[in-house]
2 protein chains.
Amino acid sequence: MNLRLDIAYDGAPFRGYARQPGQRTVEGDLADALARIVGRDVDMTCAGRTDAGVHAVGQVAGIPDAPDDLVVERLLGSLNSLCAPSIGVSSVAVMPDGWHARFSAVSRTYIYAIDEGFPHPFRTGTTWQLPGSMDVDAMAEAAGHLVGDHDFSSFGRVPDPTASAVRNLFELKVWREGTVIRIKARANAFIQQMVRSLAGTLVAVGQGRRSPDDVPAMLAARDRSAAGPVAPPHGLCLVWVEYPGVETPPGPI
Amino acid sequence: MNLRLDIAYDGAPFRGYARQPGQRTVEGDLADALARIVGRDVDMTCAGRTDAGVHAVGQVAGIPDAPDDLVVERLLGSLNSLCAPSIGVSSVAVMPDGWHARFSAVSRTYIYAIDEGFPHPFRTGTTWQLPGSMDVDAMAEAAGHLVGDHDFSSFGRVPDPTASAVRNLFELKVWREGTVIRIKARANAFIQQMVRSLAGTLVAVGQGRRSPDDVPAMLAARDRSAAGPVAPPHGLCLVWVEYPGVETPPGPI
């Protein structure tokens with residue numbers, strides 16, 4: 001049968017989501033737990049291969065060929081018992097044939113968080129600490145130039161240089177909550193390090209080192225060096241993966 | 001001069017707030033940082049001596065005899081640089097003579113958090129994980145019996161058995177936010193383990209092991225064994241200390 005897992009994780013202890021030999025990864029920990037439950041290795045798919053140190057509250061994984069004799073009702077508890085506290089599985093669902101965690105997803109939403117306040121012990125692990133006072137209006141103006149169907153080569157990498165870097169950025173919002181500034185990015189898909197490059201560029205604008213008017217030229221350059229730096233991974237969180245049908249996005253992290 | 005520090009901490013690595021020889025405590029870490037800045041030991045006071053493992057987002061400490069040549073404007077940054085990420089100082093203020101972190105405080109507010117959902121990696125450190133579905137209405141009814149001026153001997157300890165265990169519990173509220181149930185307790189002061197005993201008792205009511213109607217007899221017994229168990233420390237957070245004058249309580253943890 002075809003299973004869907006909804007997963008939250010603190011990215012700090014992991015070398016990213018995707019399994020890598022000799023490294024601790026979220027997928028590796030999940031696959032090890034599954035293998036102990038099932039008695040053999042099972043293939044997994046996922047909606048967003050987050051980088052080392054990036055968090056998730058809305059990651060979605062698939063197990064396309066889960067054994068039919070698996071007791072789904074017990075799987076949630078078993079996975080949460082076997083996984084470290086850094087990983088929590090929020091639900092296990094049986095999906096129709098053909099549903100695929102990656103290929104069925106129509107959008108991914110990430111939130112990047114920056115904290116301008118003091119080093120709050122409950123926030124330093126999930127926000128980029130940047131003392132100062134950024135111009136959120138300028139960041140929002142810059143964000144407006146980035147929304148839409150663009151070649152994002154200036155804002156990330158594609159592993160295969162012949163592949164397209166065109167993505168559809170549906171939404172790029174910036175807002176302030178007290179000392180915390182959040183950047184929400186929703187797209188059909190992202191190229192590598194794209195959200196963190198967008199965040200790093202918007203921060204450069206917020207600090208006055210770049211102008212919102214520079215952004216169209218950054219996009220047009222199709223050259224990584226044209227845009228701002230890559231923001232650190234621990235401020236980033238995958239919050240929602242959208243599939244066709246009625247679903248409500250969760251609140252921010 | 002007389003200084004006030006506002007402090008947040010993750011209680012997990014500490015044997016409580018108050019300094020103890022040979023133990024890592026919040027006050028010990030703060031005092032060590034202060035001694036490095038000032039060049040000598042300085043006395044500190046505090047509004048609430050939280051137990052081992054208990055968190056704070058609104059602890060208040062005082063330095064009644066801070067050296068007059070201390071540059072207050074730099075102290076905030078210096079303390080945050082020297083303290084571990086588990087402690088964050090949110091502000092340093094010069095107070096009038098006679099202000100005292102403990103004796104000037106008119107109320108302390110704690111929030112106890114219980115999570116009935118899956119083990120969420122960003123909540124397991126600050127909530128008591130209790131799968132199930134508690135009766136929040138029954139908990140609120142029980143809480144109503146506890147509000148007021150009472151001898152709370154059944155709900156905690158006083159180090160000196162001849163001292164009074166009478167405290168004025170101004171507010172005891174219970175509410176649900178998704179899978180998280182929060183208990184807010186505001187009193188002039190609390191006896192040892194009082195908030196955690198109130199929380200443990202309300203949980204026993206929420207799970208149907210005790211009735212709201214049992215609560216008046218628990219109070220009247222003045223015997224620790226009459227009430228419910230002590231809830232674990234990591235679900236508890238000191239969120240606000242009130243001083244005379246206009247102050248706004250912060251949002252919950």
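So that the names make sense, note that chain A is the first sequence line, chain B the second, and so on, each numbered from 1. Worth knowing before you read on, the calculation uses all heavy atoms, side chains too, and leaves out hydrogens, waters and symmetry mates.
Heavy-atom neighbours of B/R19 CZ from other residues, nucleotides or ligands within 6.0 Å: above the threshold of 12. Shown here is A/R74, whose CZ atom has no more than 12 heavy atoms of other residues, nucleotides or ligands within 6.0 Å. By the neighbour-count criterion of 12 heavy atoms within 6.0 Å, atom CZ of A/R209 is densely surrounded, having more than that number from other residues, nucleotides or ligands. For CG of A/D32, the number of neighbouring non-hydrogen atoms (other residues, nucleotides, ligands) closer than 6.0 Å is greater than 12. By the 6.0 Å contact criterion, CG on B/D135 is enclosed, its count of non-hydrogen atoms from other residues, nucleotides or ligands being greater than 12. Taking a 6.0 Å sphere around CZ of B/R176, one finds it holds more than 12 heavy atoms contributed by other residues, nucleotides or ligands. The environment of CZ in A/R102 is sparse: at most 12 heavy-atom neighbours from other residues, nucleotides or ligands sit within 6.0 Å. Taking a 6.0 Å sphere around CZ of B/R15, one finds it holds 12 or fewer heavy atoms contributed by other residues, nucleotides or ligands.
For A/A56, the part lying under 4.5 angstrom from a heavy atom of chain B is the backbone only.
In terms of heavy atoms, A/F118 sits closest to B/N80 at CB-ND2, 4.0 Å. Nearest heavy atoms, B/D10 versus A/F122: CA-CZ, 3.7 Å.
Within residues 87-95 of chain B, the residues having any heavy atom less than 4.5 Å from a heavy atom of chain A are, in residue-number order, B/I87, B/G88, B/V89, B/S90.
When A/P121, A/G77, A/G117 are compared by the number of non-hydrogen pairs under 4.5 Å with chain B, A/P121 comes out ahead.
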